[in-house]
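Numbering starts at 1 and runs along the sequence shown.
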Amino acid sequence: QVQLVESGGGVVQAGGSLRLTCAASGRTFSSYTMAWFRQVSGKERVFVAAINWSGSTTYYGESVKGRFTITRDNAKNTVSLQMNSLKPEDTAVYYCAGDRQRRQPIAAYEYSTWGQGTQVTVSS
C-alpha cells in the first residue's frame with residue numbers, strides 16, 4: 001500500500017494560515033479515500049477532514065468547518081489541508097491517513113495507512 005509523508009507544519013499566530021501537504025508513494029493513490037486527523041498528547045486522534053478519490057466529496061469536523069479546506073491532486077499524488085483563521089486550540093500533531101475504500105470515514109480505525117505527522121502550533 002501507499003506510504004504517506006506530511007509536511008508544512010510550523011508555528012503561527014492566532015488568525016494566521018498554514019497549508020499542510022501529504023505526499024504519497026504508490027501507484028494506487030488515486031483509489032484511496034484520504035483524510036486528515038489531529039492529536040494532542042494524551043488525547044485521542046480526532047477527525048479533521050476527508051476527501052474521496054476524485055475530490056468531489058469532502059467532509060469536515062465541526063470545529064474546522066469554514067476554516068479548513070481539504071484538496072487532492074491525483075496527478076501529483078498529494079492531498080493538502082489549507083488551514084485559515086487558526087486558533088490556539090488547533091495546536092496538534094496533524095496526520096495524513098488513507099484507505100482504499102469508497103467511503104470517507106471519520107473514525108481513525110477505518111484508515112489503514114498513516115503518515116508520521118507534522119506539528120502545528122498556534123500561538124495566542
Side-chain angles (χ1 to χ4, degrees):
Q1 59 184 16
V2 301
Q3 297 185 45
L4 307 175
V5 179
E6 303 95 336
S7 63
V11 181
V12 296
Q13 291 190 11
S17 298
L18 279 176
R19 185 177 179 87
L20 306 182
T21 299
C22 174
S25 62
R27 62 182 180 85
T28 61
F29 172 77
S30 62
S31 68
Y32 276 65
T33 282
M34 301 297 297
W36 289 93
F37 289 76
R38 65 189 185 189
Q39 186 171 30
V40 178
S41 295
K43 304 294 184 180
E44 66 180 348
R45 195 164 293 188
V46 176
F47 174 78
V48 175
I51 189 166
N52 75 334
W53 71 272
S54 69
S56 63
T57 302
T58 58
Y59 297 94
Y60 297 93
E62 287 295 325
S63 65
V64 307
K65 284 182 178 178
R67 300 189 298 121
F68 291 10
T69 303
I70 186 171
T71 57
R72 70 189 298 160
D73 186 337
N74 290 338
K76 297 180 179 179
N77 278 12
T78 60
V79 60
S80 296
L81 185 70
Q82 179 66 45
M83 305 184 294
N84 298 326
S85 301
L86 283 162
K87 305 173 181 179
E89 51 262 46
D90 295 319
T91 295
V93 176
Y94 283 70
Y95 295 90
C96 179
D99 197 74
R100 197 171 184 178
Q101 63 173 296
R102 302 184 73 85
R103 300 179 297 112
Q104 295 80 56
I106 63 172
Y109 75 84
E110 291 270 10
Y111 292 86
S112 62
T113 304
W114 293 84
Q116 294 300 304
T118 186
Q119 176 70 46
V120 172
T121 301
V122 184
S123 61
S124 60

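Relative orientation of the Phe37 and Phe47 rings is perpendicular, given thresholds of 30° and 60° on the angle between their planes.
In summary, of the residues considered (Leu20, Asn74, Asp73, Ile70), a side chain to side chain contact (heavy atoms under 4.5 Å, CB included) with Val79 occurs for Ile70 alone. Each of Gln101, Arg100, Arg102 was compared with Ser31 under the side-chain hydrogen bond (donor to acceptor under 3.5 Å, both in side chains) criterion, and only Arg100 meets it.
When the side chains of ILVMFWY residues are joined at heavy-atom separations under 4.5 Å, either directly or via intervening members, Val2 and Ile51 end up in a single hydrophobic cluster. With hydrophobic clusters built from ILVMFWY side chains whose heavy atoms lie under 4.5 angstrom apart, Val46 does not share a cluster with Val64. One hydrophobic cluster holds both Val12 and Leu81 under the rule that ILVMFWY side chains link at heavy-atom gaps under 4.5 Å.
Closest heavy-atom contact between Thr57 and Tyr59: CG2-CE1, 3.4 Å. Of all heavy-atom pairs spanning Ser17 and Ser85, the tightest one is OG-N, 4.3 Å. Heavy-atom minimum distance, Val48 versus Phe68: CG1-CD2, 3.7 Å. For the residue pair Tyr60 and Thr69, the shortest heavy atom distance occurs at OH-CA, 3.3 Å. Of all heavy-atom pairs between Pro105 and Ala50, the closest is O-CB, 4.4 Å. Leu4 approaches Ala24 most closely through the heavy-atom pair CD2-CB, 3.6 Å.
The side-chain tip of Arg72 points at the ring of Phe29 from less than 6.0 angstrom away and within 45° of straight on.
For the pair Val120/Arg38, no side-chain contact is recorded, criterion being any heavy-atom separation below 4.5 Å from C-beta on. Counting only heavy atoms from C-beta outward, the side chains of Tyr111 and Arg45 never approach each other to under 4.5 Å.
Residue Glu89 qualifies as enclosed at atom CD: its count of foreign heavy atoms under 6.0 Å is above 12.
Using modelled atom types, one side-chain atom of Glu6 and one backbone atom of Cys96 make a donor-acceptor pair closer than 3.5 Å.
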Go through Gln39 and Tyr95 one step at a time and tell me if the side chain to side chain contact (heavy atoms under 4.5 Å, CB included) criterion holds.
CA-CA 8 Å; Gln39 186 171 30; Tyr95 295 90; 3.8 Å; yes

Determine, step by step, whether Arg19 and Thr71 satisfy the side chain to side chain contact (heavy atoms under 4.5 Å, CB included) criterion, reporting the C-alpha distance in whole Å, the side-chain angles of both residues, the deciding distance to 0.1 Å, and the verdict.
CA-CA 11 Å; Arg19 185 177 179 87; Thr71 57; 3.6 Å; yes

Criterion side chain to side chain contact (heavy atoms under 4.5 Å, CB included) on Gln119 and Thr91, from CA distance to verdict
CA-CA 8 Å; Gln119 176 70 46; Thr91 295; 3.9 Å; yes

Could you go through Asp99 and Glu110, starting from their C-alpha distance and side-chain angles, then the distance that decides it, and tell me whether this counts as side chain to side chain contact (heavy atoms under 4.5 Å, CB included)?
CA-CA 7 Å; Asp99 197 74; Glu110 291 270 10; 5.5 Å; no

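Distance check, rounded to the nearest 0.5 Å: OG1 of Thr113 to CE of Met34 gives 8.0 Å.
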